[in-house]
Amino acid sequence: MHTKETPATPHDQTEWPEPTDEQLAMIRRILAPRVREVRGEQGVAA
C-alpha cells in the first residue's frame with residue numbers, strides 16, 4: 001500500500017500473474033474444511 005508519505009514503488013504497480021490450476025487446487029484443499037465448518041455453523045444458526 002502506498003500513501004503520500006510512502007509513494008508507490010514499481011512493484012506496487014505490477015499485476016500478479018494468474019494462478020495455475022495446481023495453485024488453485026491447493027487453495028481449495030486447504031480452505032475446504034474451513035468452508036464446510038462455516039457453512040455448517042450458518043445452517044445451525046438459520
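Here the structure is a predicted model, which is why all the values come from computation and not from measurement.
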Measuring from Glu22:CD to Ile27:CD1, what's the distance to the nearest 0.5 Å?
11.5 Å
When rounded to the nearest 0.5 angstrom, what is the spacing between CZ in Arg36 and CD in Glu41?
13.5 Å
Within the supplied structure, the quantity of interest is the number of heavy atoms (other residues, nucleotides, ligands) at a distance under 6.0 Å from Glu37 CD; does it exceed 12?
yes
